[in-house]
K.L.:
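Encoded as structure tokens, here's the structure I'll be asking about.
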Amino acid sequence: MIPARLKFSGKDLKVLDQRLLPDRIHYLTARNAKDTAAAIKDMALRGAPLIGCAAADGFALEMRRLKPSSADELMLAAVRTADLLKAARPTAVALFYAADRMLETARAFAAANPGKFAPATRARFQKLIEKEARLVTSEDEAACLAMGEFGARLLPKRCVIMTHCNAGALATMGIGTAVGVITAAHKKGKIKHAYSCETRPYLQGARLTIWELMREGVPSELLTDNMAAHIIKTCGVNAIVVGADRIAANGDTANKIGTYGLAVIARYHKVPFYVAAPTPTIDLKARDGDAIVIEERSCEEVTFVKGQRIAPKKVRVRHPAFDVTPAGLITAIITERGVIAPVSRAAVKKHLA
Ligand code: MRU
């Protein structure tokens with residue numbers, strides 16, 4: 001079992017601090033939207049769907065703290081809270097989806113309850129907003145299970161599979177997206193072997209994914225990222241599955257840096273390349289991958305490993321945290337609704353209709 005990632009009590013949110021994994025299981029406490037945004041920004045929690053679930057919880061906590069006493073006050077607080085949460089990280093659209101969904105719930109309540117709020121009205125609002133936050137989480141859990149089923153069906157028997165970054169239970173409130181496909185297929189006896197790329201510079205594959213695969217009993221090995229091409233060529237890899245932070249309307253997919261390179265290698269070796277992501281990851285406002293904002297993170301995450309400097313002082317560094325895989329390199333996108341294949345603007349549109 002993977003430890004609970006988020007524990008929402010109504011009064012606070014306990015966040016499993018993923019920066020300490022796999023060595024320590026430690027929870028930090030978020031009491032409001034600011035704490036929640038900080039936990040997202042500082043990577044105490046990460047992974048697109050989990051960021052969305054946390055944002056919904058953080059929104060609910062902030063509403064409880066602010067206790068708006070009129071519809072106008074509520075709207076002011078709701079807009080500010082959504083903006084604060086959305087500023088935490090720029091690429092994963094799940095964050096924007098969840099914050100906007102909570103904002104819309106607040107907006108609808110304010111429109112239906114104009115003027116001053118009686119204590120009972122305030123209580124009704126808080127109940128409603130917490131219910132919406134719970135829905136964001138339960139929908140994510142259900143989506144993960146469905147993706148696991150659809151994805152497992154696509155894989156051949158005795159599948160040798162590779163994944164990148166962490167799109168596992170630790171990145172969601174359910175069994176994970178890409179790793180959920182692997183563990184679901186493993187339960188059906190379909191996985192011969194799984195490879196996890198370590199995912200420089202933040203090492204989500206080495207710290208989190210391989211830990212999850214080991215805990216789930218999946219036969220697996222860890223690779224450094226630069227071993228991927230060699231292993232694909234020589235070890236019979238017959239599927240690659242990754243998660244996504246944002247999928248544009250034409251199917252171009254932003255995911256952890258290194259995903260694009262893996263997709264190019266997969267195409268060269270004729271290995272199917274799958275993306276597993278719930279439908280809120282699809283951003284129809286992004287016409288194609290060029291419209292997706294790529295987060296640039298700190299140089300220290302590249303030049304230091306566990307507090308140890310590994311490059312010269314004052315070195316100039318780049319750290320784009322994500323890249324975009326063109327739709328043409330993706331064999332299929334697996335969502336909770338089914339499979340998009342081949343991937344095209346029309347197919348994405350039809351899938352969401
Ligand atoms: O920077 P991170 O760790 O939040 O990046 C995570 C990823 O890129 C995942 O692959 C993606 O969010 C999908 S998670 C189901």
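Both counts, for ligands and for their atoms, begin at 1 and track the order of listing. These figures come from a predicted structure and were not determined experimentally.
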K.L.:
Just which atoms of ligand 1 are under 4.0 Å from any heavy atom in Asp245?
P.N.:
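Selected atoms, number and element: 7 (C), 8 (O), 9 (C), 11 (C), 12 (O).
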K.L.:
Rounded at 0.5 Å granularity, tell me how far CD1 in Ile129 sits from CG in Leu74.
P.N.:
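So the gap between those two atoms works out to 7.5 Å.
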K.L.:
Is it the case that Gln204 and Arg46 place a side-chain donor and acceptor less than 3.5 Å from each other?
P.N.:
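No, Arg46 and Gln204 have no side-chain donor paired with an acceptor closer than 3.5 Å.
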K.L.:
Can a cation-pi geometry be assigned to Lys256 and Phe322, taking NZ or CZ under 6.0 Å from the six-membered ring centre and within 45° of the ring axis?
P.N.:
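Yes - Lys256 lies over the ring of Phe322, closer than 6.0 Å to its centre and within 45° of its axis.
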K.L.:
At a non-hydrogen distance cut-off of under 4.0 Å, which region of Cys165 contacts ligand 1 (side chain, backbone, both, or neither)?
P.N.:
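Looking at Cys165 and ligand 1, just side chain atoms fall under 4.0 Å.
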K.L.:
Which atoms of ligand 1 have any heavy atom of Met43 under 4.0 Å away?
P.N.:
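Within the 4.0 Å cut-off of Met43, ligand 1 contributes 1 (O), 3 (O).
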K.L.:
Tell me which part of Phe322 gets within contact of ligand 1: side chain, backbone, both or neither, using heavy atoms under 4.0 Å.
P.N.:
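Only the side chain of Phe322 comes within reach of ligand 1.
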K.L.:
Taking only heavy atoms of Ala171 into account, list the atoms of ligand 1 that are under 4.0 Å away from them.
P.N.:
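Every atom of ligand 1 under 4.0 Å from some heavy atom of Ala171: 14 (S), 15 (C).
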K.L.:
Is it true that Arg200 and Asp225 have a side-chain N and a carboxylate O under 4.0 angstrom from each other?
P.N.:
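The answer is no: the pair does not qualify as a salt bridge.
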K.L.:
Tell me the contacting part of Ala277 for ligand 1: side chain, backbone, both, or neither, using a 4.0 Å heavy-atom threshold, strictly below.
P.N.:
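It is neither; nothing of Ala277 touches ligand 1.
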K.L.:
Could you check which of Lys256, Glu301, Arg46 puts a non-hydrogen atom nearest to atom 1 (O) of ligand 1?
P.N.:
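Of the listed residues, Lys256 has the closest heavy atom.
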K.L.:
Mind running side-chain contact (heavy atoms from CB on, under 4.5 Å) on Val15 and Leu6 for me, showing each step along the way?
P.N.:
CA-CA 5 Å; Val15 176; Leu6 302 173; 4.1 Å; yes
